[in-house]
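Working notes, beginning with the structure itself.
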Amino acid sequence: MFRPSILIAATITAALATVGCATKPAGEGTHLVYRNSAGVPYMQFDYPTADLCRRTEAIATGDVRCQAVSAAAQLKARATLRYEPPGIEVVGHYSDMPACTKANSSMALGVKLAGGCAAK
């Protein structure tokens, strides 16, 4: 079963531990947007810096891109995740409340739900 919170934690941990080599041109901005096969955003994470977003993007799979313009207005739920270490908070935006709840139902080691799922 796909567990986005575990994937996200692993992605952030790997991005912070190493500098990945991008296989695609790096996006610009701090919003890491995940899109489905039709190109519609279904999840977004707001990183504190563009550099962290690009490093995470470089090792993410699927249609994932850092961008300067947020797609959060298209998404209906949000949650705040805290990563220890390094002690950063990342706001996640999800297509709807069930998607947010499912993505955050089981947290990876080092990830805490700092602000639970809430409708926008």
Side-chain angles (χ1 to χ4, degrees):
M1 182 164 94
F2 177 66
R3 288 255 160 86
S5 62
I6 293 171
L7 174 64
I8 293 161
T11 301
I12 287 176
T13 301
L16 294 173
T18 63
V19 176
C21 295
T23 58
K24 58 186 174 188
E28 296 298 325
T30 60
H31 309 289
L32 186 64
V33 179
Y34 289 73
R35 297 180 184 280
N36 65 19
S37 60
V40 177
Y42 66 89
M43 191 165 50
Q44 172 181 301
F45 295 93
D46 300 331
Y47 288 95
T49 67
D51 180 58
L52 180 56
C53 188
R54 282 190 306 272
R55 288 188 286 151
T56 305
E57 175 193 49
I59 58 174
T61 59
D63 189 357
V64 181
R65 194 87 166 139
C66 288
Q67 57 188 55
V69 178
S70 175
Q74 301 171 50
L75 304 171
K76 307 296 183 213
R78 64 178 274 157
T80 303
L81 308 176
R82 180 156 180 85
Y83 293 85
E84 295 288 350
I88 62 169
E89 287 193 355
V90 174
V91 176
H93 305 270
Y94 306 87
S95 57
D96 54 30
M97 283 294 289
C100 183
T101 301
K102 182 178 180 181
N104 295 297
S105 64
S106 177
M107 306 306 284
L109 185 62
V111 180
K112 295 179 182 177
L113 197 57
C117 292
K120 293 190 203 178

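Basis for what follows: all heavy atoms, side chains included, without hydrogens, waters or symmetry-related copies.
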Run the numbers on Cys117 and Asn104 for side-chain contact (heavy atoms from CB on, under 4.5 Å), then give the verdict.
CA-CA 8 Å; Cys117 292; Asn104 295 297; 4.0 Å; yes
Count the heavy atoms belonging to other residues, nucleotides or ligands that lie under 6.0 Å from NZ of Lys112, then report whether that count exceeds 12.
no
Between His93 and Lys76, is there a side-chain donor-acceptor contact under 3.5 Å, judged purely by atom types and distance?
no
Which heavy atom of Ser95 sits nearest a heavy atom of Ala99, and at what distance?
OG-CB, 3.5 Å
What one should report as the nearest heavy-atom pair of His31 and Ser70 is CD2-N, 3.6 Å
Please determine whether a side-chain nitrogen of the Lys or Arg among Arg82 and Glu84 lies less than 4.0 Å from a carboxylate oxygen of the Asp or Glu.
yes
Hydrophobic cluster membership, with links at side-chain heavy-atom distances under 4.5 Å among I/L/V/M/F/W/Y: are Met97 and Phe45 in one?
no
With the 4.5 Å side-chain cut-off for hydrophobic clustering, are Val91 and Tyr34 part of the same group?
no
Sub-4.5 Å side-chain heavy-atom contact between Arg54 and Glu28:
yes
Minimum heavy-atom distance Val33-Gln44, with the two atoms named:
CG2-OE1, 3.4 Å
If I compare all heavy atoms of Ala77 with all of Cys100, which pair ends up nearest, and what's the gap?
CB-CB, 3.9 Å
Taking all atoms of both residues into account, what is the closest heavy-atom pair of Ala103 and Tyr94, and its distance?
CB-CE2, 3.7 Å
With the 4.5 Å side-chain cut-off for hydrophobic clustering, are Leu81 and Ile88 part of the same group?
yes
Backbone N or O of Pro98 within a donor-acceptor pair of the Thr101 side chain at under 3.5 Å?
no
Determine the minimum heavy-atom distance between Glu57 and Leu32, stating which atoms define it.
CB-CD1, 3.8 Å
Less than 4.5 Å apart, any side-chain heavy atom of Thr30 and any of Cys66?
no
Apply side-chain contact (heavy atoms from CB on, under 4.5 Å) to residues Leu75 and Met43 and explain how you reach the verdict.
CA-CA 7 Å; Leu75 304 171; Met43 191 165 50; 5.7 Å; no
